[in-house]
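Below, chains carry the letters A, B, ... as their sequence lines are ordered, and counting in each starts from 1. On a predicted model such as this, the values are computed, not experimentally measured, just so you know.
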Protein chains: 2
Amino acid sequence: MSTVHDNVVNGFGGSPSRLDGRPVGRPADQDPLDRGRYPLDPWRLVETEFRTDDLGRVESLFSVGNGYLGLRGNLEEGRDAFAHGTFVNGFHETWSIRHAEEAYGFARVGQTLVNAPDAKLIKLYVDDEPLLLTNADLPEYERVLDFRTGILERCLIWRTPSGKRVRVRSTRQVSPADRHLAMITLEVTVLDADAPLVISSQVLNRQDGEDEYHIPSEAMGDDPRKAARFEERVLQPDVVHGDDGRLMLGYRCTNSQMTLGVGAYHEIATACSYTAETHAEDDVAQTVFQVEATAGEPILVTKFVSYHTSRSVPAAELVDRCRRTLDRAQRRGRAAVEAEQREWLESFWERSDVQVRGQPAIQQALRWNLFHLAQAGARVDGSGIPAKGVTGSGYSGHYFWDTEIFVAPFWTYTTPSIARNLARFRYSMLGAARARAAELNHPGALYPWRTINGQEASAYYAAGTAQYHINADVVYAVNQYVRATGDIEFLDREGIDLIVETARMWTDLGFWRENGDDTFHVHGVTGPDEYTTVVNDNLFTNLMARFNLRRAASYVRDLAERCPAAYGRMAVRLGLDPSELDEWERAAEAMVIPFDEHLGIHPQDAHFLEREVWDLPNTPAERRPLLLYYHPLVIYRFQVLKQADVVLALFLHSDEFTLEQKRADFDYYDPITTGDSTLSAPVQAVVAAEVGYADTALDYYYRALFVDLADLHGNTSDGVHVASNGGTWYATVFGFGGVRDCNGELSLDPRLPRTWDGLTFRLTWHGSRLRVDLTPGALVLDVEDGSSVSLTVRGRPVEVAAGQPVRMAMDTHGRDQSGAPESPALSGERREDGTVMTATVPTP
Amino acid sequence: MSTVHDNVVNGFGGSPSRLDGRPVGRPADQDPLDRGRYPLDPWRLVETEFRTDDLGRVESLFSVGNGYLGLRGNLEEGRDAFAHGTFVNGFHETWSIRHAEEAYGFARVGQTLVNAPDAKLIKLYVDDEPLLLTNADLPEYERVLDFRTGILERCLIWRTPSGKRVRVRSTRQVSPADRHLAMITLEVTVLDADAPLVISSQVLNRQDGEDEYHIPSEAMGDDPRKAARFEERVLQPDVVHGDDGRLMLGYRCTNSQMTLGVGAYHEIATACSYTAETHAEDDVAQTVFQVEATAGEPILVTKFVSYHTSRSVPAAELVDRCRRTLDRAQRRGRAAVEAEQREWLESFWERSDVQVRGQPAIQQALRWNLFHLAQAGARVDGSGIPAKGVTGSGYSGHYFWDTEIFVAPFWTYTTPSIARNLARFRYSMLGAARARAAELNHPGALYPWRTINGQEASAYYAAGTAQYHINADVVYAVNQYVRATGDIEFLDREGIDLIVETARMWTDLGFWRENGDDTFHVHGVTGPDEYTTVVNDNLFTNLMARFNLRRAASYVRDLAERCPAAYGRMAVRLGLDPSELDEWERAAEAMVIPFDEHLGIHPQDAHFLEREVWDLPNTPAERRPLLLYYHPLVIYRFQVLKQADVVLALFLHSDEFTLEQKRADFDYYDPITTGDSTLSAPVQAVVAAEVGYADTALDYYYRALFVDLADLHGNTSDGVHVASNGGTWYATVFGFGGVRDCNGELSLDPRLPRTWDGLTFRLTWHGSRLRVDLTPGALVLDVEDGSSVSLTVRGRPVEVAAGQPVRMAMDTHGRDQSGAPESPALSGERREDGTVMTATVPTP
């Protein structure tokens, strides 16, 4: 490692990166999916072949959820799985974090998403032979996730060991209209001959019960990105009831004392004769239908499922709520539930759809990403959005800054009501954030780096608690929401407290240096890049802190002027002294923003350029991601990035950098950015597009689009990367659309990729929906809903009135710039099957 | 915390520090011990009153041991205790370290000293009433630890509940001559009337068995300095045997698979009639004597005890070894065992005694410290010296750099054979150190920060693994040993491998910066000060690394010249290329040594001076030590030291700094050094003495001398601070004696404290023993043993021939310098009882 480097990056140029001697093409030139197995389809993810070698990935891809409740794409029959998963956002167990060596202030309360009782399970037996996909003879098979209906549907024909053919059609959906409701159907038809048939529908506690089959936990190894496991019982049974096709279970978590009720009602429709039996125990409840199936006669079982959870309500009451949800659903019937969901999604797509013309693979992948945004965010209501949504247990179901920086923009610009919920979710945590600040000897509030219940759960402070920027990330999202919607009422009543309290933390964390130029410094923090920790004056952090301080001062001054009474209440509530505003402004003005005159770039932190440069081109592919193969002390010594850091600042604070600075910074950082975090590619795509590296932008865009679909980071099995879902949206809109919203002003500077025939997206701005249409030669703006919208296009003010589309002839491709750096994150090993572009790894 | 400081230390001046408004005198002006309870005695620690309020401290102070085996000063009768402890150096259990968040390269194998079966236990019943000191009526009581006999003796008279007076005299000792042997006696005489009497002598497994009484583990809280506890059985019984007054038990550790045999033989001598019964179970074996005691007739029970341990030998064989040890001891008899021990200690004191004339409190405390050095080091043989020796379980019985930097000098200069063993102990770990280097992607060897079995056990890398200086610390001690003894044979055959392999790590860890001046840098390391971690170019580390590199190159070149054959074998063995020597020398020459021209001081690291200065004068006493009240991220942001860092470098590399530099550095660092580590005070004493701050030196000296005796850091209950024991010796000899040994040359520059009538100490140098006598007006040098010794006295060469003492008239007080800084570690709160100077805290 002791090679001779000092601020030298040229070493990364030269011929295209090769690994194992095999040349690797540009990601954007390749189709990362096997289209035989996953045919192109603009509105659906279709799987035509059942395979057992990548169950984990497929379970995540075919998850259904509504942000509150999520069901992994496990097989209806149970058994073979990477991980059976049913998740209720925020429903967690706590545990005492034992540090191998303790220290004051270390996180104490571990929080882990619970694997909620599994109600997806419906086993099928024909002639007493179970349907098990792993070894079943399946002459026909198709699984479809439909982005417009929200229904996961599987159709197959099973040739039983005795030679009978059985058609099995099943559906699964989680309602965005009624967040406590899911619906599952199973339709079985024996085609050739009569047969005795058993359908066993269950609710199974997998968190504590013996699982039927799973990948041995040793296989999880020491990957820090996996969820913690429990050694003792988590769910204590409280209600156990089964009768008349109705299964009702209630549990209480041993430590967190959170409660859960789950219920399932069954309907059967068939001309065949049958019996039904229902039985419930602590960890499993089931309704068993025994049917004398007649050839050609379908048997349809409909299973309505409901979950309710709480921090305080007894489980018995939650079970009652489940009953009411189920009664109502049963009264309305299957068709109504499906129709409500379709309507919700229609409205969602109306506000949110993005069309990429002439690029069917991108179109499908993008809609899959947007659909998963809906599934992760539709009904989070009072919670945050976990790193994996409700599709897996990765990162223990914790909320990170992902929510604010990578996901919230989508909601702010398509469904502001959900963005408002996300802002209020952070407001609801303000008490815990105040307590954490006090624990770390600060006034004000310090948000936890990762949490479910508001308490810091990051047990590794260097890449956790030290990321103080979380405070400003929250404010950034709140500000973006307020500016895009004009929802000043939320700001005045609640948002202001959050902004003031976070600002107070910054002036205390930072300090003044009287060294002639009276500068304000923030030491001992970690920026977004987790391969460089606990540094002084991290550029990203200082910029965000400055933003936080300025917003606090300006919002408070504005409130004082606009509404003295509200200001007075706030000042009393927060004990605010007017001199604090001056302090915030002084600190913001004097905030150090590192800049290296010699290189003409912004160092990531005060001493970043003094580090050795990691020799990425000579780091073997099998030693990636670095975090799994090098001790943190080794990684931290070098100039090497897990993810965009300065480059993210270039995007979030676009108006504070010149184009030349952006290009110089991108040129410097891109070759030393591993992209070992999935949060990196979309950011790099946006900035590459802005500085004119069109091919590079498209390559990073592919990396974001296909992170999960092609499992580019090898851990989609733990759940979908929700931040990356959001990243695909903003890489499209902010990257290729060139949208910016600095200082509350909407602007456009399109950079339509040359390989695209056109791009259409929508933005909701102050209650109006603006449609943006890009073709190679023109930009068309149209207010689809609401009143007129003002914006600038490449600096030119434009007013778009309702019903009066504005068409602007222009070269929408934007600037071209040669000399894009060789990006190590874009090279990689081609897999044996040729289907996947590369194989490095990620994080949220 | 965001106060306005930039390299400002003047704020610490002014009036003497006060806490709670009570003025605090100079430590050296106070006697820290209650002389009513602990009367002055030059050769013994005497306790005249039994109290239960500080059992833990007293158990540690009255421990007996020989470096291999240690018995805490627990009461013979068991029951009331802070912690019952019997320790065999290196006898440990392993456990899998579970990090709350895992990362590559984190320590995996936890290692914890086992509480070995307790053979100290002898319970006494008179008229079936147990003797329990806590509530016993004790008209007479005395406990004495004699530094010349090595025997702990307790004499008391007990008035039983029925009014009978019973004289109880007991002794306890661990043999330095036979490291597997301990001996315990109990002599009971009923004074007034006959009485039935029961003596139950036991061997009790306290590690797994139910302890009789102990401080609840909750009381241990989250203090990171405590040992880990086990939840499952540690000692698996293998041999269980009891017969005829002989108790034999054999165990195997569940995980580490280490084995232990323990045995006890009993003799009883009395004119009274008695019966004896012996019985053994898995966790307890006992011999019970029932005696018809006659008034005035003594009953003497002698218990010979033996321990053997191994990494591989079956427990049964170890039990056989115990039998042989015990057979031999019994044959020789009690008097012979006592005589052997007395002889060993006579010889020890002949080589090691230090006399401080006119200061009886210092004299006693100093001898207590030296005696505990003997108890910690006498028979470590192939092991290291744990932070608490064999007196407690603090720091889990791990070996740290304490051994090399704080304890080894004593042995090198008094009993070189023990220093050789310590060097060979590190040599024996070279394989593990190579493996650890490879794990951290380095060639060569990297010693673990803390360990028993050679594997890194530090689970907190920032203050553990990052202390790469351990590599050079080991080399420093080896070099000091070789230079002081001339033991070139050890160097050529074994030491050279260790020196070469550690050097290789340094050139790889560091790197070249081509910034005009071609400097060599070492980034991402932690120096001795654990309140500042993972920094660039830590001065101490870089100096030590340079030393390591230079020594490696010069020793190898010397070997090549002196003995080409040995060089050739080594070169093959280590795959050494001659160009490596050039690389080491180049790196050493170019090694960056931070210096600030403006302040004229050596910054602790490249960016130390950019930090805020911690406001120690305004930090409340109840928030000390800082580590227990502030998150590491908070502490690390500031200029505040746990312990001497640059100041330690000033001492260890005394010839590389001018006197002016030393004074400037001391002036800068002393006011920001908390002394929260016990490793700090002796170092500060040495450097204060050198720069002429005589009072300050004496104050720090008191802090070191009385760390345990007065429990100044509040955790002596966990065991004696062995590094501080060593620190008292070198503070005396290097500090007030002014001894230095730079570049293999012995020099003297006396600084006798003005309050002392005289100081006499011995140094063993190349096989000769030099006595150094200091009185206010003269220095007398005398070779007590061996041939002539050459040295310099205040720069003047002196040759001292055997039998020809050299007397030099001189002002032995040394230079005086006013303006000593106000030292926060020397102020503190006076306790209620007025007996203890202050109350801050420590670490090794």
(message) Which residues pass the side chain to side chain donor-acceptor pair (under 3.5 Å) test with B:Glu93, not counting sequence neighbours?
(response) B:Asn255, B:Ser256

(request) Have a look at A:Gln604 and tell me which of A:Asp529, A:Asn538, A:Asp537 forms a side chain to side chain donor-acceptor pair (under 3.5 Å) with it. (result) A:Asp529

(request) Go through A:Pro632, A:Gly524, A:Ala466 and name the one with the most non-hydrogen pairs under 4.5 angstrom from chain B. (result) A:Pro632

(request) Give, as side chain, backbone, both or neither, the part of B:His521 having an atom under 4.5 angstrom from any heavy atom of chain A. (result) neither

(message) For chain B, which candidate among A:His99, A:His607, A:His523 shows the most heavy-atom pairs at distances under 4.5 Å?
(response) A:His607

(request) Kindly write out the residues that satisfy side chain to side chain donor-acceptor pair (under 3.5 Å) with B:Tyr460, not counting sequence neighbours, or none if the list is empty. (result) A:Tyr461, B:Tyr636

(request) With a 4.5 angstrom heavy-atom cut-off, could you sort out which part of A:Ala606 is near chain B: side chain, backbone, both or neither? (result) neither

(request) Can you tell which part of B:Leu440 gets under 4.5 Å to a heavy atom of chain A, answering side chain, backbone, both or neither? (result) both

(request) Check whether B:Ala107 gets within reach of chain A through its side chain, its backbone, both or neither, counting any heavy atom under 4.5 Å. (result) neither

(message) Regarding A:Glu102 and A:Arg108, does a basic nitrogen lie under 4.0 Å from an acidic carboxylate oxygen?
(response) yes

(request) May I ask you to decide whether A:Arg504 forms a salt bridge with A:Glu580, counting only side-chain N to carboxylate O separations under 4.0 Å? (result) yes

